[in-house]
Q: 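Below is one structure. I have some questions about it.
Chain naming here is simple, since letters A, B, ... match the order of the sequence lines and numbering starts at 1 in each. Heavy atoms only: backbone and side chains are in, while hydrogens, waters and symmetry mates are out.
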There are 2 protein chains.
Amino acid sequence: MTSSSPKTPDATKQVRSPRSGRPNDPSGASNRAERAAERRAAIVEAALTEFIARGFTATRLDDVAKRAGVAKGTIYLHFKDKESMFEELVRTALVPLVNRIAAPQIPIGTVRDVIEAFAATFIREVANTRRGDIIRLIVAEGPRFPAIADFYYREVISRGLAGMRALIELAIARGEIRQKQLARYPQIVVAPAIVAVIWQSLFARHSPLDASDMLRVHLDLIFGERSET
Amino acid sequence: MTSSSPKTPDATKQVRSPRSGRPNDPSGASNRAERAAERRAAIVEAALTEFIARGFTATRLDDVAKRAGVAKGTIYLHFKDKESMFEELVRTALVPLVNRIAAPQIPIGTVRDVIEAFAATFIREVANTRRGDIIRLIVAEGPRFPAIADFYYREVISRGLAGMRALIELAIARGEIRQKQLARYPQIVVAPAIVAVIWQSLFARHSPLDASDMLRVHLDLIFGERSET
DNA sequence: AATTTATGACTGACTAGTCAGTCATTGTCA
DNA sequence: TGACAATGACTGACTAGTCAGTCATAAATT
C-alpha cells in the first residue's frame with residue numbers, strides 16, 4: 001500500500017505571491033495583514049458583482065472565488081457562510097454613503113439648494129453606479145432577508161426620511177413650499193429618485209432616462225419653477 | 001379561479017375526480033378540459049405564491065406541486081420548464097389588469113378626476129394585493145429575465161406612460177396643471193405609487209404607509225390643493 | 001380494451017461548506 | 001546575518017445534500 005496519495009495538489013500550484021517581488025517591504029503592501037485585506041476586498045468586490053447580476057440564490061460561490069482570484073475555501077476565512085456574507089456586503093456597501101449624505105446639512109442658502117445638492121449627489125453616487133443596483137438588490141431580496149430590511153429601514157430609510165421631513169418643514173416655514181401636507185410624506189420627494197434607479201436597471205436599454213433632468217422637473221413641481229434668469 | 005381550496009394535500013391520496021358524478025355531461029363542470037383547466041389554475045396560483053415569497057431560483061417545484069395538490073410531473077403537462085412557467089405567469093398576471101386600466105379613458109370630468117380614479121384603482125387592485133408583489137418580483141428578476149423586462153416595457157410601461165402623458169398634456173391645455181415640463185416625465189406622477197408598493201413589501205412592518213392618503217397629497221402637489229381657487 | 005391523464009420514485013447535474021495538506025512569511029537564536 | 005522552526009493563510013478535492021426534469025407505472029376515461 002505504498003501507493004502515493006490520490007490527490008496531487010502540488011501539480012499546478014501557482015506562485016502565491018507575485019506581489020511585486022518585495023518579500024519584506026516595510027512601506028510596501030506585501031505583509032500578511034495587508035494582503036489579507038486585499039484579498040478580502042477582492043472577494044467583496046467579486047461577490048457584489050455576482051450578487052447584483054444573479055441575486056442571492058443563483059450566485060455560486062465558485063464563481064465569486066474565480067472572479068476574486070482566490071480558492072473557495074478562502075472565502076470561508078473571511079465570512080461565516082453565504083448568507084452572512086450577503087448581509088454584510090449589503091450593509092457595508094451603503095453605510096458610508098448614508099453617513100455622508102445624512103451628515104448635518106447646513107442650510108446656508110435656500111432649502112431648495114440643499115435638496116438640489118442632495119439630488120446631484122444621488123445622481124452622481126447612486127443612480128449611475130453600482131449602489132443603485134444594490135438598492136434594487138435590497139428590493140429584490142429584502143422580503144427573504146428580514147435582517148437586511150430591518151437594518152436598512154433603521155439606518156437608511158428612517159434617518160433619511162426624518163432629515164427630509166425636517167427640510168420640508170423648514171421650507172414650508174420659509175414659504176418655499178406651499179403644500180403643507182408634503183411634510184407628512186417625504187417619500188413623495190424621493191420617489192422619482194427611486195424610480196430612476198429602478199428604471200436604469202430594467203429599462204435603460206429600451207428608453208434611456210435623464211434622471212438628472214427628471215429630478216429637476218420634480219423639484220420645480222415642489223418648489224415652483226425658477227424665475228431667475 | 002380557485003373555487004375549492006387548492007392547498008389541502010393532507011388527505012394523503014386525494015380523490016382524483018371529485019366531480020358531480022356526471023361522466024358525460026355536456027353542460028356540467030367536470031369534463032376533462034375543465035378539470036385540466038382547474039388543475040392548471042391551481043398550479044398557477046401555487047407557483048405565483050411561491051415565486052413571490054422566494055424568487056425564481058429559490059422556488060422549488062416540489063413545493064409548488066404540493067401547494068397545488070398535484071404531483072410534480074403534472075406541472076410538466078402544462079409548462080415546458082420552470083423558466084417558461086415563470087415568464088408565462090408573470091405575463092398573464094398583469095395583462096388583464098393593464099388592459100382594463102389602459103382602456104380609453106373618457107375625460108368626462110376634470111383630468112384630476114380621471115387620475116384620481118386611476119389612483120383609486122391602483123390602490124384597490126395593486127397596492128394591497130398580490131399584484132403589487134408581482135411588480136416587486138419584476139423589479140427583482142427583470143435583469144435576469146430580459147424577455148420579461150422587454151415584455152413588461154412594451155405592454156405596461158410604454159403604454160401606461162403614453163396614456164399618462166396624454167392626460168398630463170390635456171390637463172396642461174386645460175390649465176389644470178401649471179408645470180408644463182411635467183409632460184416630459186410622466187414617471188413623476190406614478191413614482192409615489194411605485195414607492196408605495198415597494199414600501200408595503202419591505203417596510204410595512206416597521207411603519208405602515210397610508211398609500212391612499214399619500215397619493216392624495218401627491219395629486220394636490222400636482223394639481224394644487226382642492227379647496228382653494 | 002384502448003387511450004388519455006396523472007403520479008412520484010428516480011437520476012444526474014450542480015453546489016454550499018469542509019478540512020487535510022502546502023508553503024510563504026515571520027519569529028527565534030547563534 | 002544566516003539557518004532553522006513555527007505559524008497560519010491559502011488551497012481545492014471531497015462530502016453531503018438539493019432539485020429540475022424524466023419516465024415507467026397506475027388511474028381514469030372513452
Q: For B/Ala183, does its backbone N or O pair with a side-chain atom of B/Arg165 as donor and acceptor, under 3.5 Å?
A: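 Flag set: sc B/Arg165 to bb B/Ala183 pair under 3.5 Å.
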Q: Which part of the nucleic acid, if any, lies within contact of A/Leu61, taking any heavy atom under 4.0 Å across all strands shown: a base, the sugar-phosphate backbone alone, or nothing?
A: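 Result for A/Leu61 = sugar-phosphate.
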Q: Answer yes or no: does a side-chain N or O of A/Arg39 lie under 4.0 Å from OP1 or OP2 of D/dC10?
A: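 Indeed, a polar side-chain atom of A/Arg39 lies that close.
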Q: Closest approach to the side chain of A/Ala71, judged atom by atom: which nucleotide of C/dT7, D/dT11, C/dG17 is it?
A: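 Of the candidates, D/dT11 comes closest.
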Q: Rounded to the nearest angstrom, tell me the gap between atom NZ in A/Lys80 and atom C1' in C/dT18.
A: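 The answer, rounded to whole Å, is 14 Å.
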Q: Taking atom P of C/dT5 as reference, at what distance in whole Å does atom CD of B/Glu38 sit?
A: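 Roughly 15 Å, once rounded to whole Å.
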Q: For A/Leu77 and D/dT11, give me the distance from atom CG to atom P, rounded to whole Å.
A: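 Value for this atom pair: 9 Å.
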Q: Just verifying a value: how many Å separate A/Ile43 CD1 and A/His78 NE2, rounded to the nearest 0.5 Å?
A: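 A/Ile43 atom CD1 to A/His78 atom NE2 measures 4.5 Å (nearest 0.5 Å).
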Q: Take the protein atom CG of B/Asp62 and the nucleotide atom P of C/dA9, then report the distance between them rounded to whole Å.
A: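 Atom CG in B/Asp62 sits about 11 Å away from atom P in C/dA9.
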Q: Between C1' on C/dG17 and OH on A/Tyr76, what's the gap in Å once rounded to a whole number?
A: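 After rounding, the gap between these two atoms is 5 Å.
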Q: Nearest-Å distance, CG (B/Asp63) to P (D/dT18)?
A: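 In whole Å, D/dT18 P lies 12 Å from B/Asp63 CG.
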Q: Give one of base, sugar-phosphate or nothing for B/Thr59, where a contact means two heavy atoms less than 4.0 Å apart.
A: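 Since only primed, P, OP1 and OP2 atoms lie under 4.0 Å of B/Thr59, the category is sugar-phosphate.
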Q: If the cut-off is 4.0 Å, is A/Lys82 near the phosphate of C/dA16, judged by side-chain N/O to OP1 or OP2?
A: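 So the side chain of A/Lys82 is within the cut-off, an N or O lying under 4.0 Å from OP1 or OP2 of C/dA16.
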Q: Can you tell me the distance, in whole Å, between the CD1 atom of B/Ile75 and the P atom of D/dC23?
A: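 After rounding, the gap between these two atoms is 17 Å.
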Q: Tell me the interatomic distance from B/Lys66, atom NZ, to C/dT7, atom P, rounded to whole angstroms.
A: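 Nearest whole value for this atom pair: 15 Å.
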Q: Under the 6.0 Å and 45° cation-pi test, does A/Arg40 pair with A/Phe79?
A: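 Relative to the ring axis of A/Phe79, which defines the angle, A/Arg40 lies inside both limits.
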Q: CZ of B/Arg131 to CZ of B/Phe122: how many Å apart, nearest 0.5 Å?
A: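 The distance works out to 11.0 Å.
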